[in-house]
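Notes to accompany the following structure.
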Amino acid sequence: MEWAQITNPRYRVDASARAHDVGYDFVGAEGAYGATMDKSALQADIQLVRSANKVINMYAKKEIDPFTKNCVSKETLERAKKVVTLFSVLCKIKGIDKTESIIKQKAMSQALDVWLSNIDLTIDDVINPVNESGKKVKKFYK
């Protein structure tokens with residue numbers, strides 16, 4: 001079964017992969033270029049890694065997978081770890097501009113580490129933060 005063909009997810013990693021594919025479709029990212037170079041697909045990659053990290057966290061806490069209604073299996077844990085490993089690298093490849101100074105590259109790398117590991121922080125929280133009045137500040141999205 002290919003990831004793109006998942007329409008009825010069996011467990012959370014399947015659902016995350018499907019959402020990732022939909023994110024790629026939404027921005028028109030395709031093939032090897034979409035996976036490795038298309039920065040418009042970076043948000044989908046970050047969300048996939050964060051969701052896989054959530055599965056790893058659920059396994060450690062013996063939480064229930066909402067799709068299987070059982071604890072996260074070792075098979076699902078291993079799949080989630082592979083997703084994190086591969087897509088963390090792809091996020092760094094896409095997110096770090098090699099033409100920038102080393103200091104800026106390092107800062108982006110550190111920011112990506114936070115975005116990839118914080119399973120409760122949404123991309124919208126980062127891009128459109130809450131101001132001192134507690135209201136969302138729409139900086140980049142319409």
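Numbers here simply count residues along the sequence, with the first being 1.
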For a side-chain contact (heavy atoms from CB on, under 4.5 Å) check, start with the C-alpha distance between R12 and T68, then their side-chain angles and the critical distance, and finish with the verdict. CA-CA 8 Å; R12 188 178 177 112; T68 65; over 6 Å; no

When you measure from the side chain of K98 to the backbone of I96, do you find a donor-acceptor pair of N or O atoms at a distance under 3.5 Å? yes

Separation between CE of M58 and OG1 of T76, rounded to the nearest 0.5 Å: 9.5 Å

Verify the distance criterion only: is there a donor paired with an acceptor across the side chains of N70 and Y11 at less than 3.5 Å? no

Side-chain (N53) to main-chain (L116) donor-acceptor, under 3.5 angstrom: yes

Would M108 and L90 show up in the same hydrophobic cluster when neighbours are defined by side-chain heavy atoms closer than 4.5 Å? yes

How long is the straight-line distance from CD1 of I93 back to CG of L112, given to the nearest 0.5 Å? 11.5 Å

For C71 and I64, work out which heavy atoms get closest and say how close. N-CD1, 3.9 Å

Side chains of T36 and K94: is there a donor and an acceptor less than 3.5 Å apart? no

Give, for atom NZ of K104 and atom OG1 of T99, the distance between the pair rounded to the nearest 0.5 Å. 9.5 Å

Please examine the side chains of R18 and D21, heavy atoms only from C-beta on, and report whether any two atoms are closer than 4.5 Å. yes

Flag if over 12 foreign heavy atoms under 6.0 Å of CD, E30: no

So how far is it from K54 NZ to S16 OG, rounded to the nearest 0.5 Å? 11.0 Å

Shared ILVMFWY cluster between L77 and F67, side chains joined below 4.5 angstrom? no

Could you report the tightest heavy-atom contact between L48 and A17, atom names first, then the distance? CD1-N, 3.9 Å

List the residues meeting side chain to side chain donor-acceptor pair (under 3.5 Å) with D38, not counting sequence neighbours, and say none if there are none. S40

Single-linkage hydrophobic cluster, 4.5 Å side-chain cutoff, F87 and V27 together: no

More than 12 heavy atoms of other groups within 6.0 Å of K39 NZ: yes

Let me see the working for Q105 and D97 under side-chain contact (heavy atoms from CB on, under 4.5 Å), right down to the final yes or no. CA-CA 7 Å; Q105 288 181 40; D97 186 345; 6.0 Å; no

Where is the tightest heavy-atom contact between A44 and H20, given as atom of each residue plus distance? O-CD2, 3.3 Å

Given V13, which of D65, V72, V55 fulfils the side-chain contact (heavy atoms from CB on, under 4.5 Å) condition? V55

Tell me whether S117 contacts the main-chain N or O of D113 through its side chain, where contact means a donor paired with an acceptor under 3.5 Å. yes

Spell out, as yes or no, whether a donor-acceptor pair under 3.5 Å connects the side chain of K62 to the backbone of Y59. no

State plainly whether one hydrophobic cluster holds both L42 and V89, where clusters connect Ile, Leu, Val, Met, Phe, Trp and Tyr through side-chain heavy atoms under 4.5 angstrom apart. yes

What's the separation between atom SG in C91 and atom CD1 in I46, rounded to the nearest 0.5 Å? 5.0 Å

Distance-minimising heavy-atom pair for G34 and A41: O-CB, 4.1 Å

Nearest 0.5 Å, what's the CG-OG distance between N57 and S51? 11.5 Å

